[in-house]
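In what follows, every chain begins at residue 1, and chains take the letters A, B, ... in the order their sequences are listed. What you are looking at is a predicted structure, and each value in this text was computed from that prediction instead of being measured.
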Protein chains: 2
Amino acid sequence: MDVKTVCLGMLTDGDASGYDLKKHFESSFGHFFAAGYGSIYPALASLAADGLVSCECIPQDGKPDRKVYSITPAGRDVLLAELDKPNPSHKIRSEFLATICFAHLMSADQVATVLRNRIAEIEAYEKLFDEFEQTCMHETPHGMHFTVGIGRAVMLAMKKYIQENGHELQHRSATVVNF
Amino acid sequence: MDVKTVCLGMLTDGDASGYDLKKHFESSFGHFFAAGYGSIYPALASLAADGLVSCECIPQDGKPDRKVYSITPAGRDVLLAELDKPNPSHKIRSEFLATICFAHLMSADQVATVLRNRIAEIEAYEKLFDEFEQTCMHETPHGMHFTVGIGRAVMLAMKKYIQENGHELQHRSATVVNF
DNA sequence: TGCCCATATATCGGGGTGATGTATAGTATC
DNA sequence: GATACTATACATCACCCCGATATATGGGCA
C-alpha cells in the first residue's frame, strides 16, 4: 500500500486530477498518510503507464491543461488485491519523541516549549476533525468516520499523557511550566 | 532530526558500532523511529566525514572489523542545536488506516482480519513495553520512560477504539466477528 | 501597484526502506 | 553427524518518498 494504491482508492470515488488528489491527501488523509506533489504526480504517471488509470487532458486558457484521471478495471483489480493484504503497517516517525528521549541534554524551558507546541498541534488537528465531521460527514463512507475516530482517540490520549506527565520531564531547572 | 542526529544522541550514552545502534533502534526506538542498516551505515559514514564522530577500527578474527564510533565535541554541538528546534514533527504513515478507508470495497471477513491483526500487533508492543520496563528501566534516562508511557497510552487508545467501534465497519456480510 | 492566494502542472536532490550479499561461528533440531 | 537457524558485523542498491522550487495566470484586497 503505497501512494499509488491510495490514489487508486481515491479514484474509486470519482475522477480527479493530481491537484484534486493533493487536496484530498491534505484534508481527510493528512493525519495518517500525507503525500505531496513530488509523490502524487509520479504515482499517477506510473499508474497510467501500467494501464491502471486512464487520463483525459482538458485544455484550459491560461492555466495548464487539467489532466483528469479515471480508474480502469485493471486498476480496480490491483486495488482489491492490495486491500486483501491481511497485515497493513502502521508506522510512526516521531522527531518529537526522539527529541524527548534526550530531554536530559536540554533545558527545562526547551522541553516545555516542545511539549507546548506538540499540544498546540494536537488541538489544531482536533479542530480539523470537528470541521470535517460537520461538513462532509454524511457523504463519506463508513471507513472514513472510523479513521477520524481513531485519530481523535489517539491524539486525545497523547495530549492527556503529556499534560499529566510532562512536568516530570522538567528537572534541570526549577521553572515549572503549566500546559 | 534525521537518522544521523538520532545516532549522535545514542552515542552520548557511550561508544557503539553500527550493529549496536541497530539493536538500539529496534528495541527502545522501534515504536516511533525505526531505522535499518540502509540508513545507519551511511549515516555513520557521513557523520565521520563531517568530523561529528570519530571511528576506531577493532580487528576481529573471522568476523569483519568492529567499527566503534564516538561522538566528538563538534558532534555534541550539532546535536544540541538540533534539540533546540521548538517544533519537532510527529508523523504517522498508516497503511492500516488507508486500508480501512476503503472498507466498503472489502468483505466483512477481510475487514475483521485486518482489525484482528492490528490488535495483535498492539498487544505484542504492550508486552515489549512491559519487558523494557522490567529490565532496563532504572538505567535509562527520564525521557525514555516518557516515550514508553506515550507509546502505551496511544496504543491502548487505538485498541479500545477498535474494540468498541470495529463492528460498525462490518456491514457488507452478516458475519459479525468478535475481537 | 504590489502582494498573496488559488489553480495546475512538473522536476530534483537528498534521504529513507527493505532486500540482498559476504563472512564466520555457535547452537538447536532431526 | 548433517542441516538449519541465529548472532555477529560489515556494506550496497534499487526503489520510493519528501520538501523545495519552478512555471504560468487570474482574482481579490489594501
CD of B:E56 versus P of D:dC10: gap in Å, rounded? 13 Å
Specify the separation, in whole Å, of atom CG of B:N87 and atom P of D:dG19. 14 Å
Winner on side-chain proximity to A:R93, out of D:dA9, D:dC17, C:dT17, is C:dT17
Heavy-atom closest pair (A:V53 atom, A:Y69 atom, distance to 0.1 Å) is CG2-CD2, 3.8 Å
Looking at A:E26 and A:K22, does any basic side-chain N land under 4.0 Å from a carboxylate oxygen? yes
If you only use heavy atoms from C-beta on, which nucleotide in C:dT17, D:dC18, D:dT8 is closest to the side chain of A:A35? D:dC18
Parallel, tilted or perpendicular for A:Y37 and A:Y41, by the 30°/60° rule? parallel
When we call it a touch if two heavy atoms are under 4.0 Å apart, what does A:A45 touch: a base, just sugar-phosphate, or nothing? nothing
Proximal nucleotide (of D:dC17, C:dG15, C:dA10) relative to the A:Y41 side chain: C:dA10
I need the NZ-P distance between A:K4 and D:dC17, as an integer number of Å. 8 Å
Does B:V68 or A:G38 map to a spot on DNA chain D nearer the 5' end, using the closest nucleotide for each? B:V68
So if I take every side-chain heavy atom of B:D2 and compare against C:dT7, C:dG16, D:dC16, which nucleotide ends up nearest? C:dG16
Choose from D:dA9, C:dT17, D:dC18 the nucleotide whose nearest atom is closest to any side-chain atom of A:K91. C:dT17
Rounded off to whole Å, could you give me the CZ-to-P distance for the A:F32 and D:dC17 pair? 15 Å
To the nearest Å, give me how far apart OH (B:Y19) and P (D:dA11) are. 14 Å
Between D:dA11 and B:K67, is there an OP1 or OP2 to side-chain N/O distance shorter than 4.0 Å? yes
Closest-nucleotide 5' rank along DNA chain C - winner of B:Y37 and B:A43: B:A43
Rounded to whole angstrom units, what separation is found between the CG atom of A:D50 and the P atom of D:dC16? 10 Å
Looking at B:E123 and B:R118, is there a salt bridge between them, counting it only when a charged N and a carboxylate O are closer than 4.0 Å? no
Closest to the A:S17 side chain, choosing from D:dA11, D:dC17, C:dT9: C:dT9
What's the CG-P distance between A:D20 and C:dA6, to the nearest Å? 15 Å
Between A:H145 and A:H142, what is the ring plane arrangement, given parallel below 30°, perpendicular above 60°, and tilted in between? parallel
Roughly how many Å is it from NZ in A:K22 to P in D:dC17, rounded to a whole number? 15 Å
